Structures are given as C-alpha cells and as structure tokens.
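All values derive from a computational prediction rather than experimental measurement. Counting from 1, the numbers follow the sequence of the chain as shown. Whatever order the structure lists ligands and atoms in, that order sets their numbers, starting from 1.
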Amino acid sequence: MTKYVINGKRELHGEVTISGAKNAAVAIIPAAILVNGVCRIENIPQISDVTKMLEIMRELGAKIKLIDRSSVEIDCTDIRTTKAPYEMARSIRASYYLIGALLGRFHQAQVSLPGGCYFGVRPIDQHIKGFKAVGAEVEVQNGFVVANAENGLRGANVYLDVVSVGATINIMLAAVLADGMTVIENAAKEPHIVDLANFLNSMGANISGAGTDVIKIRGVKEITGGTYSIIPDQIEAGTYMVATAAAGGEVLIKNVIPKHLECISAKLLEMGVEITEFDDSVLVRRTGTLNRTNVKTLPYPGFPTDMQPQAVVLLCFANGTSLVTESVWDNRYRYVDELKRMGANIQVDGKVAVIEGCGALTGAPIRACDLRAGAAMVVAGLAADGMTEVEDVSHIERGYEDIVKKLRGIGADITRVEMPDGVELSKAQ
Ligand code: EPU
C-alpha cells in the first residue's frame, strides 16, 4: 500500500511545469493504429493510464520504442490481432478508443467494456450508435464489445444525444478512413478533441470543426507517419492553481495554454485569487481570504467536472456558503465523506453540494476514491492544519505525473510512503 503523508498549512512558492494531457494522450496513442507508418508522439505524461495503454498496444502487435522520458515512436504496421486482452483493457477507461481505431483500420474490434473511475452509470450507447451509423454491427458478448464492418465503413451523420467526449473521439477514430464524409453534431469541444484532430490531420486525415459542436470528417484512403506533440494538461494545471489558492502563496504554472484554463481562472478570480496570464504560463497568487462562490460543471468551455472535487475542497476554505452543481456525472461526490473526516461541513443532495466554508480543515487519514477526488484530498491536506495521510494513491498516479516531486518543488511537505500491506503508518514510525 502506498500513501502520501502531508504536513499541511505551508504556503506554496516557486514554479511547476505541467505535463502532457492525459486525456489527449490516451486518445492519441490508440489513434496511432490508424497510421500506416511510424508516428512519433512527444510530451506524453508518465502516468499509469498511459503505461497501460502502451502495454495493450504492444499486446496487439504495435512496436513501441521509448525515445526519452516523454516521447515514443509507435509503428502499427504489424498489428496481429484486433482483440484486446480482456483484463488489461478493463483496467482503464480509455481502452474504448481501441474500438474506434481498430474498427477504422481493420473493420473489426473486440475490446472489453471499459473500467475507470466510478461516477455512477457510465454508458457507451452513444459510441455504439456512432459505430452503427458508419456501418458496423456492434454487440456485447462475454464482456467484450464486438464490432464488425465486413463491407467497410461509410460516412454518416451522427447526432449525439448527450455531449460525450468519449463518443466524439471514438466516432472520429472510426470515421478517419471511412468512405465519404461523417458529420458529428452536438460534439464535445474539449481541448483534447482538438488535439486529437490536429494529430490525425498532421498525419493526413481531413477533419474540420474540432472545437465546435459540429465536426466533419472526410474519409481518406490512408494516413501516414509524422511527429506530434501533445498539449499540456488542463486539469493538472487547474489542480496546481487550486492547490496554490488553497494553501496560499505564489506559484508560476509553466507549460500551459492559458485559454484552456479560463474556465478555472474565472472562478479563482471571483474567489479573490490573483491570476496573471503569460503566453504559456499563469502566475497564481493568494494572500488574503477566499470569497464564497457557486460552481456548475459543464462540458468545455464550462467549468470542468474533472476540477469539481478540487473546487469543493477550495470552497471549504472560503468565507460563507457555496453551491456546487455537478451536471456531467450522476455520482461524483463520494469523496465528501473523506473531507468530513477533516472537519468539512458539506451537505450533498443529488447533484448539488452545499459547502459551509469554515476557513480551516484539520489533517486526518483519508483515502483517494478516484483520480480527481484523490488530487482534491492532496489539496485538502496541503491546506489543512496538521498531518494528513492519503491512502489508495494509485488512483492519483493514474493521471498526475510526479505529483509528489512537483509539490515538493514548490515547498509542500509531502512524502510518498510505501508500506507493506497491513502495517499502520503510526506504528511504523
Ligand atoms: N454518456 C452517455 N452515453 C455515452 C457516453 C456518455 O450517456 O455513450 C454520458 C455520461 O454518462 C456522462 C456524460 O455523457 O453523463 C459525459 O460523458 P463523457 O462521454 O463525456 O465522458 P468520458 O468520455 O467517459 C471523459 C474523461 C473524463 C471526464 C469526462 C467529462 C477520458 C478518458 N475521460 O470521460 O475524465 O470526466 O470526459 O469531461 O477522457 C478524468 O480524467 O478524471 C476523467 C474521469
């Protein structure tokens, strides 16, 4: 078991560099299946979801060459199977992108239903609707999604009933090499959708409209190799912004696209945090008290659901009562019970959380329920009085590269402690 031990209430000062975007990397890596040739992908974050995705690709027959810490070369010329190993694919959410990519290139795919963080029901009906629209037969058999398009794929119009990041990406992947034009309406607009389109276009695809709610994919015969660098991670950057706001201090957050952070910056400004934008960095400074505010999560360019737990933690330190409305996921407040152990006063009713800002939390043993909730627990520990132990940090390491090292670099007192199972930290010291 691995824990983070945090001695809180220390201001953060200095500079932190943001890694490549997790949710772009886990889409772009499987997109390499569509490429006839070698593609080099740079600025890949070193996180366990990426490692698992690369392992699955290797199992399928892709040649993966690690160039340096954040770059790989992928050659999918010799893919030998379109069936992904069940357990490996089940362990991450983004494995569902293998369906779109394999279907697009080989007209068949077998991939287990995906895993990932639990936020209530996570259907993939819109992905399946898209695959069927472009000519595939899709069914779930023995835990696998089995997709076949014996006669190839042809362009089609797909209107998404809900704005879905995953469905938008998966339909784009399936459509790149299809015959004719596919139009996705009510598409998601997240930065990683634009990044995937840019990656595919740089390899020869013909995609327009990414970043708007209508994306047009004109099928091409093949796409060939090239080099592409992944965008910085919006949510990692947002997490360090909130950490600075919660703990106080002044941190320059480097290697970001400030435009992607505006939805987060706007809330922090309302709360009295100072934000200065530069070309590829933002300076976050918090010296005074934090004002209450309300937050509603929405698809991009709204406030990201993946920043909701971090925002709730920050509002615990604000003056007054704040309302947070989660409008993307049904059940994304499971971590609130952990914050209550630290003295938080939060009432959850369905999708709304009412946070009575108390200005202080006290350290406690808590656990990371999922990736972003885990990051939020770390933020809580950094700003709380006393010692916090965060358990189950493997969730956090799925999506945050070197979080302990980066936080230590800006003055946090945080240590990663590996414990033999069954040993309690207090007894080990
Ligand atoms: N939905 C459907 N049917 C579908 C797909 C989605 O009803 O076929 C619903 C979902 O139940 C949800 C909403 O649509 O209510 C949005 O889901 P979306 O498909 O956009 O989510 P996702 O693709 O499964 C990605 C990110 C999540 C992030 C969401 C929303 C990846 C690998 N995951 O998930 O990121 O919360 O978009 O922005 O890109 C994270 O990084 O911590 C994370 C969970």
Is Asp413 salt-bridged to Arg10, going by a charged N under 4.0 Å from an acidic O?
yes

Please check if atom CG in Asp179 has more than 12 non-hydrogen atoms from other residues, nucleotides or ligands closer than 6.0 Å.
no

I need the Thr305 OG1 to Trp329 CH2 distance, nearest 0.5 Å.
7.5 Å

When rounded to the nearest 0.5 Å, the distance separating CD1 of Ile28 from CD1 of Ile230 is 4.5 Å

For the pair His127 and Tyr96, name the ring-plane relationship: parallel under 30°, tilted 30 to 60°, perpendicular over 60°.
tilted

Who are the residue neighbours of ligand 1 when the rule is a heavy atom under 4.0 Å from any of its atoms?
Lys22, Asn23, Arg93, Tyr96, Tyr97, Phe119, Val121, Arg122, Pro123, Ile124, Asp125, Gln126, His127, Val162, Val163, Ser164, Val165, Gly166, Thr305, Asp306, Val328, Trp329, Arg332, Leu371, Arg372

Measure from NZ or CZ of Lys296 to the centre of the six-membered ring of Phe303, then state whether that distance is under 6.0 Å and the direction lies within 45° of the axis.
no

